[in-house]
Protein chains: 2
Amino acid sequence: MPARNRARAETPPAATHHRALPVHTDPADVPLETALLALADPVRRTLVRELAADEDWRRPCGSFDVPVTKATLSRHFSVLRDAGLLEQRDVGTKRLNRLRRAEFDACFPGLLDLVLRGEAGSAD
Amino acid sequence: MPARNRARAETPPAATHHRALPVHTDPADVPLETALLALADPVRRTLVRELAADEDWRRPCGSFDVPVTKATLSRHFSVLRDAGLLEQRDVGTKRLNRLRRAEFDACFPGLLDLVLRGEAGSAD
DNA sequence: ACGAGTGTTCGTTGCTCGTCGAACATCTTA
DNA sequence: TAAGATGTTCGACGAGCAACGAACACTCGT
């Protein structure tokens with residue numbers, strides 16, 4: 001419980017203590033199949049869109065408008081992390097999220113845009 | 001059994017008689033989820049790649065190198081049709097296939113390229 | 001007309017995935 | 001230290017999907 005509170009000047013609000021922080025898979029190590037399956041779920045696409053609409057590190061896990069339980073939501077975040085789509089950071093009691101837009105886009109160009117663009121095949 | 005055998009000068013080898021030909025869903029009517037799910041399967045991605053590698057209307061259904069039964073294969077083709085990825089045409093006893101590259105690409109830009117490009121997240 | 005070749009349909013089986021409730025862990029505040 | 005807030009983990013359940021064998025349908029040869 002010591003914990004040095006030396007606020008590191010970083011992009012995010014500076015993480016507090018240290019909880020067993022999740023594994024962040026690099027998009028470059030993500031098989032195409034994993035990426036496609038991750039974005040094939042409607043709930044996860046909503047999460048991705050809401051993340052893209054807001055600024056980085058602004059939204060804790062519980063702040064998303066999806067019709068599922070905390071348990072299910074946690075699972076979805078896990079899948080997004082494993083797909084190289086999500087980065088998380090703990091601050092206080094909440095876990096803040098960031099969409100890895102640039103990194104993911106570099107590995108799967110166009111895929112994220114498709115999701116953010118819209119639902120129909122006619123797009124837009 | 002009448003059937004006008006006026007060989008229509010077309011792109012494909014000109015269809016013979018008429019079997020209950022399959023329903024071809026227009027890519028513009030395909031939800032993003034359907035497209036993603038269709039390409040999320042490894043067998044279907046193989047089919048798509050082999051189709052893209054060869055010329056249009058050259059490959060009958062049974063000519064693909066995938067480790068599944070005829071029944072399963074038929075099901076996969078059905079899924080690809082419903083995703084607006086495949087067009088089929090009957091000639092004699094075989095059903096020839098064509099990848100709807102341009103049409104699908106217009107609706108889901110970049111998606112097909114991703115599949116054809118490769119498997120890894122590092123692409124290429 | 002018959003048989004071979006090709007593809008679809010049907011019913012079943014097994015596995016994966018999304019979902020939930022309940023219990024647990026961690027951090028903050030009173 | 002106790003209470004509250006936020007997420008995660010742990011079975012369990014149900015739906016969906018890929019896969020198969022077998023039976024059927026259609027076309028082309030002989």
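Values in this document were obtained by computation on a predicted structure and should not be read as measured data. Naming convention: chains lettered A, B, ... in sequence-line order (proteins, then strands); numbering from 1 in each chain.
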How many Å lie between CG on A:L21 and C1' on C:dT26, as a whole number?
13 Å

Rounded to whole Å, how long is the line connecting atom CG of A:D90 with atom C1' of C:dT28?
14 Å

In B/S/- notation, 5' to 3', how is nucleotides 5-20 of chain C contacted by protein heavy atoms closer than 4.0 Å?
BSBBB--------SBB

Residue pairs involving residues 98-112 of chain A (criterion side-chain hydrogen bond (donor to acceptor under 3.5 Å, both in side chains); sequence neighbours excluded)
A:E87-A:R98, A:R98-A:E103, A:R100-A:E103

The side chain to side chain contact (heavy atoms under 4.5 Å, CB included) partners of A:R58 (sequence neighbours excluded) come to A:D54, A:E55

Just list the side-chain donor-acceptor pairs under 3.5 Å for residues 65-84 of chain B, sequence neighbours left out, or say none.
from	atom 1	to	atom 2	distance (Å)
B:H76	ND1	B:R44	NH1	3.1
B:R81	NH1	B:Q88	OE1	2.6

So, using salt bridge (charged side-chain N to carboxylate O under 4.0 Å, His left out) as the criterion, who are the partners of A:D26 when residues are at least two apart?
none

Show every ring-ring contact (aromatic ring centres under 6.0 Å, His included) that has at least one partner inside residues 19-47 of chain A, sequence neighbours left out.
none

